[in-house]
Asker: 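I'd like to ask you about the structure that follows.
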Amino acid sequence: MSIENMPLGKALNAGMRRALAEDPKVLLMGEDIGTLGGVFRVTEGLQAEFGKKRVFDTPLAESGIVGTAIGLAMRGYRPVCEIQFNGFVYPAFNQITSQLAKLTNRHEGDMQFPVVIRIPYGGHIGAVEHHQESNEAYFLHTAGLRVVSPSNPHDAYWMMQEAIASNDPVIFFEPMSRYWPKGDVDTSAANIPLHASRVVRAGTDVTVIGHGAMVSVLLQAADAAAAEGTSLEVIDLRTLSPIDYGPILESAAKTGRVVIAQEAPGNVSLASELAATITEKMFYSLEAPVLRVTGFDTPFPPAKLEAIYLPDADRVLDAVDRVLSY
Amino acid sequence: MSIENMPLGKALNAGMRRALAEDPKVLLMGEDIGTLGGVFRVTEGLQAEFGKKRVFDTPLAESGIVGTAIGLAMRGYRPVCEIQFNGFVYPAFNQITSQLAKLTNRHEGDMQFPVVIRIPYGGHIGAVEHHQESNEAYFLHTAGLRVVSPSNPHDAYWMMQEAIASNDPVIFFEPMSRYWPKGDVDTSAANIPLHASRVVRAGTDVTVIGHGAMVSVLLQAADAAAAEGTSLEVIDLRTLSPIDYGPILESAAKTGRVVIAQEAPGNVSLASELAATITEKMFYSLEAPVLRVTGFDTPFPPAKLEAIYLPDADRVLDAVDRVLSY
Amino acid sequence: TADEGPSFEESEGTHGSDESMATAVAAPASPKAQPARRPQSASAVGGPVFAKPPIRKLAKDLDVDLSQVQATGASGEVTRDDVIRQASQASVFRNIQTPAWSQ
Amino acid sequence: MLDDTVDPMVQLLAPDGTFVPSAAAEEFLPYFERLTDADYRKFYRDMSVVRRFDTEATNLQRQGQLGLWVPSHGQEGAQIGSAHAAKPQDHIFPAYREHAVGMVRGIDVINIIRVLRGLTHGGWNPKDPAFGNFHLYTLVIGAQALHATGYAMGINFDGLTDTGNPDTDQAVMVYFGDGATSQGDVSEALVFSASFQTPQVFFVQNNHWAISVPVSVQSRVPLYQRGLGFGVPGVQVDGNDVFASYAVTAKQLDDARNGKGPSLIEAHTYRVGAHTSSDDPTKYRTDAELESWIARDPITRLEAFLRGKGTEEAFFTGVHEEAADFAADIRKRTI
Amino acid sequence: MLDDTVDPMVQLLAPDGTFVPSAAAEEFLPYFERLTDADYRKFYRDMSVVRRFDTEATNLQRQGQLGLWVPSHGQEGAQIGSAHAAKPQDHIFPAYREHAVGMVRGIDVINIIRVLRGLTHGGWNPKDPAFGNFHLYTLVIGAQALHATGYAMGINFDGLTDTGNPDTDQAVMVYFGDGATSQGDVSEALVFSASFQTPQVFFVQNNHWAISVPVSVQSRVPLYQRGLGFGVPGVQVDGNDVFASYAVTAKQLDDARNGKGPSLIEAHTYRVGAHTSSDDPTKYRTDAELESWIARDPITRLEAFLRGKGTEEAFFTGVHEEAADFAADIRKRTI
Ligand SMILES: Cc1ncc(C[n+]2csc(CCOP(=O)(O)OP(=O)(O)O)c2C)c(N)n1
Ligand SMILES: Cc1ncc(C[n+]2csc(CCOP(=O)(O)OP(=O)(O)O)c2C)c(N)n1
Ligand SMILES: [Mg+2]
Ligand SMILES: [Mg+2]
Ligand SMILES: [Mg+2]
């Protein structure tokens with residue numbers, strides 16, 4: 001065991017550093033990731049260490065970034081692309097959706113596309129428009145992509161390396177508001193594989209499920225509920241596509257009550273899919289409908305209103321009360 | 001009453017013609033929509049009738065089409081953009097998602113964006129890659145867009161006019177495989193408003209829900225089920241966002257059993273949302289989980305395999321059997 | 001428009017408390033955590049309750065504790081008849097054991 | 001760096017404030033010549049006020065009153081010159097750093113503060129006649145270029161170009177940065193503008209950096225050439241020369257209104273401040289570069305010109321007082 | 001129409017097959033001169049076989065054996081010339097009409113038939129050495145331009161340009177049409193290729209139509225100029241002149257391999273057939289235009305040249321037999 005205490009952003013940096021060191025085909029590319037080390041400093045020091053052919057700034061064009069990453073993958077490279085902020089991935093949507101996601105299928109497996117697209121996402125940072133969205137739903141609906149999001153530094157460190165090692169494209173959602181809090185990272189071994197969900201707090205009454213920054217909100221809610229005598233089981237999805245339903249269904253079978261929380265708007269979202277699938281698989285076990293606590297079906301609001309928009313522990317607890325009242 | 005029998009494609013044409021005639025601010029724009037009248041001839045004759053300033057071909061660039069339509073809307077025009085095929089809307093995704101969908105909100109209502117984006121969609125036409133997708137989920141998850149799809153000529157005629165009259169942006173999904181079959185169009189009056197779902201066949205045992213080309217598959221399934229003594233109630237969604245839940249919940253309350261069918265892949269889709277919401281609202285009425293019959297979570301396959309991929313009456317009936325066996 | 005965060009070094013302690021893996025990974029639920037708001041007690045018949053939602057509603061309406069019901073459904077689920085049987089038994093027992101107060 | 005040795009660059013004022021028109025400036029001189037002494041002073045006043053406003057907003061951000069600030073310091077010459085060249089009936093599509101342009105067009109800049117304070121995504125009503133057809137800021141790089149082109153297509157459809165009436169003919173001006181030129185949307189806007197011959201000026205403020213990325217990563221040839229292969233002619237101007245910025249923009253907008261179609265202006269300037277208040281430019285650029293650009297400051301340059309013309313000290317004192325009052329007022333209305 | 005009066009156009013063979021190099025052809029002559037008589041015949045043979053293949057596929061489609069066909073008729077000069085100019089180690093990124101290029105690179109064209117028959121979205125393995133680094137077709141207009149650029153960036157990172165060894169240095173050629181030039185992705189590919197100085201040739205087949213839309217809607221200036229403002233030089237060639245197409249492409253690919261960065265070739269040609277089997281071109285273009293282009297047919301032109309050099313009739317008969325056999329074989333293997 002080799003434990004280091006570090007922030008999630010630093011853990012991502014360390015994960016990428018290790019991948020760069022271990023495989024000469026790994027490249028980092030994006031806007032401002034070189035000299036500056038990224039607007040969040042997640043790639044800090046990596047250009048200095050690995051040189052401008054391994055870690056480089058691109059022109060300001062997201063379709064260009066993803067499109068050329070695809071070409072680099074065809075050439076045998078493993079590019080890791082940074083999208084500067086969530087709301088700026090849309091110019092690359094065509095390359096991601098009609099190309100990257102489909103190319104392995106189009107090639108009938110003859111070529112592989114180990115491209116990682118890093119997207120810092122989520123609220124709580126008080127930023128201007130387009131900077132705080134949780135837009136994972138678009139990528140979840142797109143067959144051919146893997147989508148993951150770590151909630152803590154240890155996962156960030158390992159999931160980044162596992163994503164880079166994946167021969168399928170991975171959309172890697174980084175919870176911006178969690179870049180700074182520190183946690184222990186065991187750099188000697190990952191404990192569970194990339195595509196596994198995990199019970200992060202055991203409980204008996206209600207299953208609450210989330211990912212990324214929402215996990216700490218759920219843990220907060222669990223503390224508050226415990227104080228009132230309600231036991232919440234908290235599940236960190238970790239991987240959003242494909243979803244590892246094992247721990248989820250096991251928990252739902254036990255509690256019979258499920259609440260899903262996410263920052264993204266609810267309509268046609270991850271929460272919709274989880275609610276539908278859990279209900280389908282566990283119909284006879286559910287004491288209450290699966291409830292969803294989500295961002296509202298509006299554009300992400302100005303910073304001063306984000307606290308109203310983003311699900312917090314109170315909104316989660318309200319849903320917990322509602323599932324318990326069935 | 002003034003009834004004309006015509007194919008759906010022609011009904012769309014007639015709807016646009018009427019809108020062009022009634023409001024000089026209505027414009028049609030897109031690739032090959034002028035001289036050629038569109039690759040499906042849906043805009044045939046309209047450039048000849050209204051001139052090149054009202055109906056015009058654009059350069060081959062979808063982001064350009066939607067982006068300039070936004071500017072035209074700011075200028076007071078009501079542009080109707082044709083995207084030639086479903087799989088070619090992605091280059092415009094940034095303009096649709098980060099601009100068109102958000103601009104009314106960004107302007108706090110001071111400006112309106114009456115832009116219609118027409119997208120021919122769905123399978124059954126045996127075409128090559130990117131030509132047969134059902135990609136409505138991306139737009140349903142995007143707050144700020146209205147999304148509709150007619151299943152028959154009468155609705156096509158009226159919904160097109162209502163979409164053009166809407167002051168909000170509308171994504172108008174046209175079921176390609178239904179362009180040709182004819183139906184009666186009452187050109188004297190629409191019977192229900194744009195955002196209304198409708199029971200198109202009454203039944204008592206199971207509620208089956210779909211939109212676009214799926215509606216005729218559901219009607220086929222209802223015939224077959226009736227022959228075996230099972231009564232299906234068929235609902236045509238017509239509008240995919242916002243969904244009119246009234247008739248849906250009423251039907252679910254009556255039957256207690258619901259099957260949703262769509263051509264789109266199931267993961268994080270319209271069907272997921274319907275299943276989750278119906279379950280949430282009608283928990284105590286459901287005799288079985290809401291089942292979903294969808295395209296598979298793979299890229300749309302080559303034409304020779306589409307019959308396997310696309311839900312047909314048999315797959316719907318299988319789900320009907322399953323909800324009945326709970 | 002690109003607002004950047006402070007570097008990690010600058011930001012220690014300013015963006016939330018440290019969270020170790022130990023707290024992120026489950027602490028076992030305390031044994032005394034008996035749910036205050038949970039309507040049903042542990043099953044007397046044994047195992048989790050399997051019942052579709054309308055049956056749960058029926059049980060609620062008839063004041064039947066589903067965990068006390070003997071399930072006869074094909075996959076071990078409680079059926080409508082099971083609930084009704086339990087309800088009528090309960091009312092029989094209630095009639096025998098606790099006769100109503102006369103006015 | 002200004003590369004005026006290689007490519008023709010329009011310049012009227014040398015960095016030291018002397019009036020020495022470059023060869024390329026000749027065709028634009030008539031537009032300069034119609035300016036009066038009062039105009040010169042107005043330009044100076046506007047640049048000074050907006051510079052002071054920018055400083056105040058930077059302070060407000062540091063004090064936690066704004067989530068973010070996007071400084072315009074250094075780019076006042078390009079912005080004030082081009083903004084004054086537009087006519088009231090023209091429409092302006094900014095990116096997000098065009099505070100000076102907004103001020104000239106009549107928006108109350110407290111509205112910009114409100115955006116960066118996190119109170120709104122919009123801030124003002126572009127349909128309000130008081131706001132001079134100044135559209136909302138667009139944060140998604142390059143997206144507004146297509147909106148501007150579509151708007152200009154609408155002007156054409158309305159028949160409001162080339163009517164012979166310069167008081168009603170309209171044009172559109174869209175602003176974006178050197179980094180934005182790489183976005184597909186900007187290229188598509190060039191395609192559409194050429195195809196539909198829109199009455200439109202693409203105004204590129206080449207401030208030499210897109211956050212930490214130098215313009216050389218975006219293009220190895222000067223950006224004023226970008227439009228040529230699309231059929232959109234280009235002009236290169238010293239953006240820190242407010243007169244040159246004015247004259248070139250006035251001419252190109254006239255051409256647009258007169259039915260000559262779109263053109264592109266590359267204004268060479270420099271972002272003296274940080275990209276935003278979250279940025280630390282010392283990480284990626286040298287003091288020497290910064291100093292060399294401060295030596296070409298647009299305000300100092302015009303001040304030298306005005307002093308050379310014998311402008312009284314009271315004028316400068318008055319402007320500085322006005323600027324300070326303006327900033328104090330903004331502070332008061334912010335907090 | 002060829003507008004060689006306005007812009008320099010590389011042409012070696014006049015439409016009547018006589019060898020009359022245009023002024024612009026001069027710097028490319030050495031590349032022509034290395035061709036032998038056997039090469040001339042090979043070009044003729046290849047163009048004839050692919051023309052016959054195209055006819056057969058069109059028939060198969062009419063008979064319901066293919067869902068769709070995308071004819072290459074008329075564009076054989078541009079395709080066969082440019083394809084032969086590439087070296088085995090080069091990588092080719094086609095759009096969807098480059099059947100002739102695929103054939104030259106070694107793919108069994110039954111694989112193209114399989115795509116249009118609805119059996120696969122791919123058809124061949126671009127990593128199979130027998131397939132000459134000919135990548136899959138891309139149906140989303142312009143998307144492959146970025147893949148090609150990324151691939152070429154990889155060649156640079158691998159250090160396989162400008163090594164002084166012409167047998168191992170690599171280049172990339174990407175094909176797209178006149179319509180595709182409007183797509184943002186193509187412009188972004190020009191940006192990236194210039195920024196990273198990729199060893200890459202952008203080969204634009206200007207067949208004058210994007211389905212029903214004439215090239216004048218996409219651009220009012222010749223497309224070979226499109227790259228200039230991005231720092232990507234351009235050459236205009238008569239695409240119906242297989243020798244000129246060969247010579248220009250060979251030179252530009254050599255430059256790319258030698259570290260001179262990207263360039264763009266506009267090959268003027270014409271889609272003689274329909275856009276696809278679903279299209280009816282009589283709806284949007286005139287017989288006169290079609291005739292004028294048939295008069296510039298690349299195969300007829302080379303035949304005239306070869307006959308002028310006294311090529312024996314047996315050669316032509318042999319080629320036509322070979323082409324017929326080829327088509328018969330395709331038919332047999334399709335049904
Ligand atoms: C589509 C998109 N990608 C990335 C960003 C993040 N971003 C904001 S400003 C900026 C640099 C812009 O540079 P430039 O166009 O030169 O304008 P300047 O800021 O220098 O005025 C970047 C990358 C964005 N806002 N939009
Ligand atoms: C992004 C996208 N938009 C629209 C289409 C539909 N489409 C297919 S071919 C074509 C015209 C292409 O013209 P050009 O680039 O000149 O190539 P050509 O077909 O003439 O070879 C169009 C509009 C598409 N395939 N992709
Ligand atoms: Mg294979
Ligand atoms: Mg800049
Ligand atoms: Mg073409």
Side-chain angles (χ1 to χ4, degrees), chain D residues 3 6-7 140-143 145-146 149 153 176-198 202 204 206 210 213-236 259-266, chain E residues 3 6-7 140-143 145-146 149 153 176-198 202 204 206 210 213-236 259-266:
Chain D
D3 38 13
V6 185
D7 287 290
V140 177
I141 301 288
L146 283 167
T149 299
M153 286 163 65
F176 49 85
D178 45 301
T181 60
S182 292
Q183 283 286 357
D185 271 8
V186 169
S187 291
E188 293 191 10
L190 291 167
V191 169
F192 276 67
S193 71
S195 191
F196 291 95
Q197 287 295 293
T198 54
F202 293 88
V204 185
N206 176 359
V213 180
V215 61
S216 57
V217 169
Q218 318 289 346
S219 186
R220 297 161 62 104
V221 295
L223 291 172
Y224 80 92
Q225 297 178 4
R226 176 58 54 88
L228 303 181
F230 293 91
V232 177
V235 188
Q236 195 173 207
K260 297 202 179 138
S263 67
L264 183 149
I265 298 170
E266 178 189 8
Chain E
D3 39 11
V6 185
D7 287 289
V140 177
I141 301 287
L146 283 167
T149 300
M153 287 163 65
F176 49 86
D178 46 300
T181 60
S182 292
Q183 283 286 358
D185 271 8
V186 169
S187 291
E188 293 191 10
L190 291 168
V191 169
F192 276 67
S193 72
S195 191
F196 291 95
Q197 287 295 293
T198 54
F202 293 88
V204 185
N206 177 359
V213 180
V215 60
S216 57
V217 169
Q218 318 289 346
S219 185
R220 298 162 60 105
V221 296
L223 291 172
Y224 80 91
Q225 297 179 4
R226 175 57 56 85
L228 303 181
F230 293 91
V232 177
V235 189
Q236 196 174 205
K260 295 200 180 141
S263 67
L264 184 149
I265 298 170
E266 179 190 7

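Everything quoted here is computed from the prediction, not taken from an experiment. Labels below follow one simple rule: chain letters A, B, ... track the order of the sequence lines, proteins then strands, and each chain is numbered from 1.
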Asker: Looking at E:Gly231, E:Ser195, E:Ser187, which makes the most heavy-atom pairs under 4.5 Å with chain D?
Answerer: E:Ser195

Asker: Given heavy-atom pairs under 4.5 angstrom as the criterion, report whether the side chain, backbone, both or neither of E:Ser182 touches chain D.
Answerer: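 Contact with chain D involves both backbone and side-chain atoms of E:Ser182.
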
Asker: With rounding to the nearest 0.5 Å, note down the distance linking CD in D:Gln225 to CD in E:Gln225.
Answerer: 12.0 Å

Asker: Would you mind checking which part of E:Gln183 comes under 4.5 Å of any heavy atom in chain D, side chain (CB onward), backbone (N, CA, C, O), both or neither?
Answerer: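 For E:Gln183, backbone and side chain are both near chain D.
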
Asker: Show the nearest heavy-atom pair for residues D:Leu228 and E:Val221, with the distance to one decimal.
Answerer: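 Closest pair (atom of D:Leu228, atom of E:Val221, distance): O-CG2, 3.9 Å.
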
Asker: Measure the CZ-CD distance between E:Phe192 and D:Gln218 for me, rounded to the nearest 0.5 Å.
Answerer: 8.5 Å

